[in-house]
Amino acid sequence: MVARAMRGPPRLVLSLAAGLACLAATSLARADEGDDDGEGPLPTPTLPWALLQLAPSPGLLAGPDGTHFSLRWQVTPLLYSFGIHRGLSPWRVGVVEPLIRQAGSLELFVSPEYAAIGDRFASRWLLRAGVRSYFPLLSEGESLSVSVGSGVTLQRGELGATYEGGVYTLFGVFGLQVAYTPRFDEGRFAFTLRLRYF
């Protein structure tokens, strides 16, 4: 069943993610060899950053079976910014400054989600993962930006393709994401009020 679920777009997303990870590893290794362009160190995790990551974004899952409340977290293992100044490193691992993301970027994302579905705690968890790209519309993305993405959703041991879009404002801190997962009746549409600081 998992092999059947991996055909089509999910396999393409995994291929893109693997390619992006290989490209990043090569570029970061080259930077470590002494290619010093005057840029300071890349941002690293701190205690305030870690605490902000614990704050979930509220949302709703909607489908033929009804509407359910959800809480969603966002993790960015890897990001490449094509909107950053050429003299700076376009790569970010884990910690991403909002302006780097919203000015134009391509990211791998992992997004655990808790939804008020079913009667068992374990069955209420979903996991979304994939590739998302951001495009600035106003003020280099500070005032308004959009995103499109695709990935896979794991729910109750089954994988399904997910397609999403989003719009963001105030340096990317506030946004609305809409995801469509045709395979899951309980959460075919996901509406998330995204709150994100890094």
Side-chain angles (χ1 to χ4, degrees), residues 9 12-57 72-113 127-152 162-179 192-198:
L12 175 62
V13 169
L14 293 176
S15 298
L16 283 171
L20 188 61
C22 290
L23 184 59
T26 303
S27 296
L28 292 172
R30 218 177 303 135
D32 286 342
E33 289 173 1
D35 183 17
D36 188 10
D37 56 8
E39 178 184 11
L42 295 178
T44 56
T46 62
L47 181 58
W49 173 86
L51 292 175
L52 286 172
Q53 301 311 301
L54 295 177
S57 297
R72 188 174 177 185
W73 291 264
Q74 303 273 344
V75 179
T76 304
L78 185 64
L79 178 136
Y80 175 82
S81 176
F82 49 81
I84 195 172
H85 184 274
R86 287 188 181 186
L88 303 175
S89 173
W91 297 100
R92 296 295 184 266
V93 177
V95 182
V96 181
E97 309 93 318
L99 294 180
I100 300 296
R101 176 181 282 116
Q102 304 309 132
S105 62
L106 181 66
E107 73 176 1
L108 299 179
F109 71 89
V110 177
S111 187
E113 186 171 1
L127 182 66
R128 300 178 193 273
V131 179
R132 181 185 298 129
S133 190
Y134 294 85
F135 302 96
L137 295 181
L138 292 175
S139 305
E140 297 181 349
E142 295 176 13
S143 298
L144 187 65
S145 61
V146 295
S147 72
V148 291
S150 180
V152 294
T162 298
Y163 312 94
E164 68 164 48
V167 60
Y168 313 90
T169 189
L170 293 175
F171 306 96
V173 173
F174 298 103
L176 176 64
Q177 288 180 329
V178 179
T192 305
L193 178 61
R194 195 185 79 166
L195 307 172
R196 189 165 193 182
Y197 306 98
F198 291 99

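In this text the structure is predicted, and so the values were computed from the model without any measurement.
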Tell me whether Ser111 contacts the main-chain N or O of Trp73 through its side chain, where contact means a donor paired with an acceptor under 3.5 Å.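 The answer is yes, because a donor-acceptor pair under 3.5 Å joins these two groups.
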Check: Val131 and Leu108 side chains under 4.5 Å, non-hydrogen atoms: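 Leu108 vs Val131: side chains touch.
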Quick one: does Leu79's side chain get under 4.5 Å of Trp91's, heavy atoms only?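 Side chain of Leu79 against side chain of Trp91, heavy atoms only: no contact under 4.5 Å found.
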Taking the basic N atoms (NZ, or NE/NH1/NH2) and the acidic carboxylate oxygens, is any pair closer than 4.0 Å for Glu164 and Arg194?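 Salt bridge: no.
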What pairs with [X] under side chain to side chain donor-acceptor pair (under 3.5 Å), at least two apart in sequence or on another chain?
X	result
Ser57	none
Ser105	none
Gln53	none
Ser143	Ser139

Any residue meeting salt bridge (Lys or Arg N to Asp or Glu O under 4.0 Å) with Glu97, in chain and number order, not counting sequence neighbours: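 With sequence neighbours excluded, Glu97 shows a salt bridge (Lys or Arg N to Asp or Glu O under 4.0 Å) to Arg92, given in chain and number order.
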Under the rule for salt bridge (Lys or Arg N to Asp or Glu O under 4.0 Å), what residues qualify as partners of Arg128, not counting sequence neighbours?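 With sequence neighbours excluded, Arg128 shows a salt bridge (Lys or Arg N to Asp or Glu O under 4.0 Å) to Glu113, given in chain and number order.
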Between [atom1] of [X] and [atom2] of [Y], what distance do you get to the nearest 0.5 Å?
X	Y	atom1	atom2	result
Arg72	Leu193	CZ	CG	12.0 Å
Thr192	Leu176	OG1	CG	8.0 Å
Gln177	Arg196	CD	CZ	8.5 Å
Gln102	Thr169	CD	OG1	9.5 Å
Phe135	Leu106	CZ	CG	8.0 Å
Leu99	Glu140	CG	CD	9.0 Å

Evaluate the criterion side-chain contact (heavy atoms from CB on, under 4.5 Å) for residue pair Val146 and Tyr168; output intermediate values, then yes/no. CA-CA 6 Å; Val146 295; Tyr168 313 90; 5.7 Å; no
Looking at every heavy atom in both [X] and [Y], which two are closest together, and how far apart are they?
X	Y	value
Val95	Pro45	CG2-N, 3.5 Å
Ser147	Tyr134	CB-CD2, 3.7 Å
Ser145	Pro136	CB-CA, 4.0 Å

